[in-house]
Amino acid sequence: MAISAKSIQPAIQADHDEDIRELAGSHILCEALVREGVEVLYGYPGGAIMPFYDALTSYPTLHHVLTRHEQGAAHAADGYSRATGKVGVCVATSGPGATNLVTGLATAFMDSIPLVAITGQVARPAIGRDAFQETDVLGVTQPITKHNFLVRNTDELAAVVHEAFRIARSGRPGPVLIDVPKDVQQLKTKYNPSAHMTSEEYLNAASADVPRPTPEALAQAAQMIAQAERPLIMAGHGIILANAYAELQAFAEKTNIPVITTLLGLSCFSETHPLYLGMPGMHGPAHVNKAIGLSDLIIGVGLRFDDRVTGKVDGFAPNARFIHIDIDPSEMHKVKVAALPIVSDAKLALAALAETSVQSTKSAWLNEVHSWQAQDDERQRQIPQETSLPDPIGILAAIREATNGDAIIVSDVGQNQMWTARHYTWTRPNSHITSGGLGTMGFALPAAMGVKTGVPDASVWAVAGDGGIQMNIQELATLQQEHIPLKIAIMNNGYLGMVRQWQEFFHSRNYSETPMTGPDYVKLADAYGLKGIRVTRREDVAAAVKEAMETEGTVIIDFVIAPGANVYPMVPPGSPITNMIEETAKENS
């Protein structure tokens with residue numbers, strides 16, 4: 001939408017007139033980014049955004065990463081944001097440059113990731129005339145952004161930038177797009193940096209307005225918790241976004257309630273904690289889904305009850321009442337009707353609940369679930385694994401051992417994602433990063449690149465299938481040019497694995513268009529000036545991971561796994577999550 005600077009925030013009286021300068025819009029854009037604390041941005045230049053790139057060389061604190069595709073830029077900014085908690089920034093030109101950001105923006109939107117995307121636009125007189133590389137990017141991105149702006153006047157540019165960052169960060173985070181016509185970037189106007197609050201200043205001033213639970217809601221919640229015999233805490237991505245790790249643990253320990261975490265909630269609660277149970281849903285372990293089926297109280301924090309979690313909705317926790325805590329009021333009652341909806345920041349709500357709840361020592365429920373878990377683990381151990389090829393669980397165990405469990409793992413989408421979610425032991429807070437809501441193949445490689453630039457001292461592994469890795473494989477060139485040292489594990493089964501698994505279970509083994517070929521990844525790595533390793537034997541997995549860790553720079557490991565490997569358990573679509581397809585010895589023979 002077109003906006004006026006006055007409609008964004010009240011003007012602030014300038015205290016230092018000497019700070020007022022006449023600058024082109026392109027320089028004002030850079031100045032505003034610097035004031036917002038931006039250190040890195042990912043993008044790809046082109047005609048309509050060229051004035052910005054011309055100005056960028058005058059701002060050495062703004063490090064630009066030249067990706068090889070705009071989708072890669074959006075995913076890299078997404079990964080940077082998820083890993084650091086800061087606003088990620090990506091840049092593209094008009095037309096095809098802007099539309100190439102769409103998948104990345106939709107990915108961030110579905111997972112509530114704060115991004116600011118800056119796109120060039122054709123000059124104002126040409127807008128609406130089908131000019132070269134013109135696209136109505138506002139119309140295209142309106143459904144997949146929290147807000148978007150078309151800047152029609154240069155003197156509004158700084159205010160728009162600060163407002164975009166405020167919107168991206170506040171409440172339920174999300175992506176915001178700023179579309180800047182080329183002539184708006186070129187024209188000069190007076191720029192006064194002290195005339196507009198940064199998003200940090202604005203949010204600090206408005207901190208008292210952050211939603212928090214009422215005393216009445218806390219009292220009702222404490223009563224419901226005290227009365228429950230089979231309660232569960234279901235923790236989602238909102239725990240990570242709110243940095244509520246300590247508050248979640250304190251609440252769980254005081255009430256002695258078992259904790260399950262959604263896909264995007266993984267790594268918000270240590271999996272070695274005695275109260276931790278696992279991940280629920282379509283590929284959740286049997287004991288977790290059984291516990292949900294028998295629970296009488298679900299305390300859902302920072303989650304939206306996604307269909308991959310609930311399965312058939314009326315079969316999800318049919319005996320339970322729900323306390324739903326989320327900062328976004330639109331999530332209340334959307335999927336499951338909450339007996340007690342609490343619109344609140346997760347950190348504030350959990351801290352308050354820990355204060356008001358009664359200390360509990362009841363352990364019968366927890367012991368019961370742990371007995372199911374032990375039975376399930378023992379059944380899994382009895383299933384023979386006869387293949388000599390590397391297996392996904394062993395690959396993940398080797399990565400964890402080589403990194404002492406302190407790595408950040410960025411998984412792609414498909415079987416590799418579910419194996420990683422289920423079988424890596426998450427103990428480092430915010431160490432699990434993946435595309436949840438949109439399920440975007442091609443996410444892992446560029447997102448991991450963003451994670452590593454945001455957290456350079458961390459060990460970062462990208463885990464992908466041979467389908468997903470090929471979708472944004474061009475970003476290997478970016479890794480080489482930027483000297484970004486990633487470790488990449490490809491689970492290569494020669495199929496679009498998850499689609500093949502569905503075809504096996506639900507389409508009479510009609511493997512239509514799922515067998516696929518790929519490059520020689522060792523040769524490909526060498527072509528990009530990187531190191532490649534190919535592993536075809538199970539006994540060589542640990543050594544390959546160790547070699548990757550000891551090698552400077554990016555290393556690609558091509559793990560050749562069994563073509564027919566499946567993810568277990570699996571809930572058939574449209575079924576209750578207690579109705580699971582489980583692995584058997586026959587299936588491994």
Side-chain angles (χ1 to χ4, degrees), residues 78-79 81-86 108 110-114 172-173 231-281 283-285 288 291-292 298-306 308-309 323-328 331 342 344-354 357 366 396 400 405-411 417-418 420-437 447 451 454-455 458 460:
D78 182 323
S81 178
R82 293 186 200 230
T84 64
K86 301 175 183 177
M110 288 287 282
D111 290 350
S112 302
I113 306 303
R172 180 177 182 171
L232 291 172
I233 297 170
M234 185 180 293
H237 193 207
I239 301 293
I240 294 172
L241 293 172
N243 192 27
Y245 309 102
E247 290 77 10
L248 173 61
Q249 182 171 327
F251 172 60
E253 290 176 346
K254 185 172 183 182
T255 57
N256 204 36
I257 298 176
V259 176
I260 58 180
T261 51
T262 66
L263 175 66
L264 289 182
L266 289 171
S267 73
C268 78
F269 192 85
S270 174
E271 294 195 1
T272 59
H273 194 287
L275 286 171
Y276 184 73
L277 297 184
M279 181 184 79
H283 296 290
V288 174
I292 292 171
I298 301 286
I299 306 165
V301 189
L303 78 168
R304 55 191 180 85
F305 294 106
D306 177 79
R308 289 296 174 97
V309 168
I323 299 173
H324 191 181
I325 302 167
D326 201 282
I327 201 167
D328 185 356
E331 289 299 331
I342 301 177
S344 173
D345 172 82
K347 190 180 186 76
L348 296 175
L350 288 169
L353 281 173
S357 298
L366 180 62
L396 294 163
R400 178 169 171 79
D406 201 38
I408 300 176
I409 310 295
V410 186
S411 65
Q417 181 186 41
M418 292 298 105
T420 302
R422 280 289 318 282
H423 299 293
Y424 192 87
T425 303
W426 307 100
T427 53
R428 172 177 173 153
N430 195 24
S431 56
H432 172 256
I433 291 175
T434 195
S435 167
V451 170
V455 193
V460 180

Checklist entry - V455 and T84: side chain to side chain contact (heavy atoms under 4.5 Å, CB included), yes or no, with the steps? => result CA-CA 7 Å; V455 193; T84 64; 4.2 Å; yes
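- In this structure, A244 and K347 approach most closely via the heavy-atom pair CB-CA, 3.7 Å.
- Listed for the S411 side chain is no donor-acceptor partner under 3.5 Å among the backbone atoms of T434.
- Between H324 and L303, the shortest heavy-atom contact is NE2-O, 2.9 Å.
- Y245 OH to L350 CG: the interatomic distance, rounded to the nearest 0.5 Å, is 13.0 Å.
- Annotation: side chain of F251 is in contact with side chain of I299 (closest heavy-atom distance under 4.5 Å).
- The line from OG of S435 to CG of L264 is 8.0 Å long, rounded to the nearest 0.5 Å.
- The shortest distance between side-chain heavy atoms of L248 and V301 does not fall below 4.5 Å.
- Ionic pairing of R304 and E331 is not present here: no N-O contact between side-chain nitrogen and carboxylate oxygen is shorter than 4.0 angstrom.
- Side-chain N or O atoms of T261 include none that pairs as donor or acceptor with a backbone N or O of M279 at under 3.5 Å.
- Residues Q417 and L263 have side chains in contact (heavy-atom distance under 4.5 Å, counting atoms from C-beta outward).
- V451 is listed as a side-chain neighbour of I433, based on a closest heavy-atom distance under 4.5 Å.
- Contact of the L266 side chain with the E271 side chain is registered, since non-hydrogen atoms from C-beta on lie closer than 4.5 Å.
- Minimum interatomic distance between V288 and P280 (heavy atoms only, all atoms of both residues): CG1-CA, 3.7 Å.
- Using a 4.5 Å heavy-atom threshold, the side chains of I240 and H237 count as touching.
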Item to check | Trace of the side chain to side chain contact (heavy atoms under 4.5 Å, CB included) decision for D306 with M110 | outcome: CA-CA 11 Å; D306 177 79; M110 288 287 282; over 6 Å; no
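- Scanning both residues, R428 and A458, for their nearest heavy atoms gives NH2-CB, 3.9 Å.
- Nearest heavy atoms, P114 versus S81: O-OG, 3.1 Å.
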Item to check | Steps toward side chain to side chain contact (heavy atoms under 4.5 Å, CB included) verdict (W426, S431) | outcome: CA-CA 7 Å; W426 307 100; S431 56; 3.5 Å; yes
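- Taking the ring centroids of H432 and Y424, they lie at or beyond the 6.0 Å cut-off.
- Interatomic distance, CG of D345 versus CD1 of I325, reported as 10.5 Å (0.5 Å rounding).
- In this structure the side chain of N256 reaches within 4.5 angstrom of the side chain of L275, judged on heavy atoms.
- In this structure, the side chains of H273 and V259 stay at 4.5 Å or more apart for every pair of heavy atoms.
- Of all the heavy atoms in S357 and T255, the pair that sits closest is CB-CG2, 3.7 Å.
- Between the side chains of T427 and T272, no donor-acceptor pair of N or O atoms lies under 3.5 Å.
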